[in-house]
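In what follows, every chain begins at residue 1, and chains take the letters A, B, ... in the order their sequences are listed.
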Amino acid sequence: MATVSLSKAEVAYIKTSLEATPPLRSDGRGLYDYRTIALETGVAPLANGSAHLKFGQASEQATEGTEVIAAARLEVEDVESGEGVNGGRISCTVSCSPSAYPHSSAAAIEDIQHDYTALLHEVISHPSLRPSNLSILRDLKSWLLNLDILVLSDAGNIYDALFVAAQAALWDTKVPRTRTVEYSAATSKARVALGGSGDMDVDSVEQSGFNVRDVKTAADFELEDYWDEGEPLRGGDAWPVCVTLNLYPPLYYLDATSTEEVATPSRLLVMYSFPADQPPRLQGMRLLGPSEIGLPLIKTLTQTAQTYATDLSCALRAKLKDEDLRRTEKARQRFASVR
Amino acid sequence: MSRPRGPTRLSKPYPGSRIEILNDASLRSEGRRPTELRAPTFEVVPGGADSADGSASASMGLTSVRVEVFGPREGRSRAQTLHDRASVNVEVVWVAFGEAGRRRRGRGDRRVAELTSSLRDTFQPAILTALYPRAQIDIHVHILAHDGALLSTCINATSLALLSAGVPMRDLVAAVTAGVHGSTVLCDLTALEEADMPSATVAVLPRSGKVALVGMETRLHVERFGEMFDVARRAAGVLCAEMRAVARGRAREILDAMDSGPAVLREGENDSGAVMVEE
């Protein structure tokens, strides 16, 4: 979202540079080149999964560029009395720091926040992407995954950054393993379990063979191991990536900076998902900006976006696997060598 | 996971069991001594173009805070400007990832409002606001992780961020949270310890020894308070030394980058007129 104001001369300068042969951009990139992307997972140890993403930050020292932190937290929800859904659900929220938009008022930032939240939530919490291990007890308890994203600074191409950060955080999320615990009815030597504290035995219910009533036993769950982080969230290969095509018909270009976004405000956001062993899926699409785009052009753009989305997705997967390695095996090797 | 297995024996220690604050060997739950601080990590990052004028992050153990400073710059609304000095405006963004319980804390939340006003009251006298009439200094505090000692970490991070932005101050403000367990004073409390004992946050201006802030929300006997206060003040002095070291390191980087480092730091050439690194 651009809060930079440009004069007509600056806008014309950017537009004519894009039309030139070869096309020129202010930082010397080509039309389809991304800025440097830096990604780190596991930055928030108190969360179930987290990621820190920077687009376009030249070195560790600078704070320019688009910077986003995403974290996923799991909460238990009641299916009967609460808002839980059988199979669990995902809820996304995006907060914008006032330092990302230092010239905007609080109300404007709220509006921007709402736009990002609405788009991200609609795409990520779609039932077709729901992971299969978010349920705890059928019809009773399920996990709610809260995906919180904080935008620390915005230098253009925020939507791509949001989706990449969301995927990285979800990839890093671990779901604690649970086990069902049954309460037994009071028998002569039964002990009532109260959510688990201390040692106890829970007897299974003794039932006579002639008893044909469907006795409902109260059930609860417990964590198998409090200190274990859990198993990875399933469905990791289906999370979508977003490609923003900035439109300046007949041209389009990728990864705009904030000044370029102001100069060419029309954008087409395309979200592709690449689940394993299945053809690529278009998860969402949105057209932003004031101008009209003809339908044939949109069709071609959607096709071309798929190639860029494939590249981005492959690079992201490779990086995430490398991050996993860095945090487990390489750390182990370093520790072993130090000792 | 949906079919219950046979009899279940819960034999492992359940997390609800009490964690010892101080064991027989006088060590805390993480193995720290009573007056030992968690390892602080201070980072001062320069602002780039079109972003914050100064940025710093501070973390004490698992508590992590990042602060960005804008200003002094022209005030956004005339109604908030003061004719003879700069107005200091603090905003806290609390998206603490992983904190159990209530999630996003909006701006009207009680904890956020208290944090905001404490920070403003701490830094308003410390910054030399009289130098910038009708200006506004914006301090944006992002709380990334909360594990106890939140106000003190925010104060430390804000001091460094103001230093990074070049805002003139009377002195760095360093803060520490201390508590009393039985008759022992503990420094730098974690979230579990904070929930279990009376605690106070003390912020000092180390050079003059003056106290910028004392905040306590629990009840404590007045005899115990004096001892806790003394320990907290000394601990804040130690933290300030750490912060100064980080600041000096940053200044050295700038000087080296300007390629005038060696010329200025040579002894006996004090009147070169360039920036001096105070030893």
Any residue meeting salt bridge (charged side-chain N to carboxylate O under 4.0 Å, His left out) with A/R130, in chain and number order, not counting sequence neighbours: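 By the salt bridge (charged side-chain N to carboxylate O under 4.0 Å, His left out) rule, A/R130 matches no residue at all.
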
Please name all residues satisfying salt bridge (charged side-chain N to carboxylate O under 4.0 Å, His left out) with A/E10, sequence neighbours left out, ordered by chain then number.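 Expected list: none.
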
Residue from A/D148, A/I69, A/V94 passing side-chain contact (heavy atoms from CB on, under 4.5 Å) with B/V95: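 Exactly one candidate clears the test, A/D148.
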
Distance check, rounded to the nearest 0.5 Å: [X] atom [atom1] versus [Y] atom [atom2]?
X	Y	atom1	atom2	value
A/L152	B/E68	CG	CD	6.5 Å
B/H140	A/S99	NE2	OG	6.0 Å
A/L46	B/T63	CG	OG1	8.5 Å

If you compare all heavy atoms of A/S97 against all heavy atoms of B/V93, which two are closest, and at what distance to 0.1 Å?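 Looks like CA-CG2, 4.4 Å.
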
Closest approach of A/P102 and B/R73, non-hydrogen atoms and distance?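 Closest approach of A/P102 to B/R73, heavy atoms only: O-NH2, 3.4 Å.
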
Counting only heavy atoms closer than 4.5 Å, note whether A/P98 contacts chain B via side chain, backbone, both or neither.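 For A/P98, backbone and side chain are both near chain B.
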
Got a sec: does the CZ of B/R134 have more than 12 other heavy atoms crowding it under 6.0 Å?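 Check fails, neighbour count at 12 or below.
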
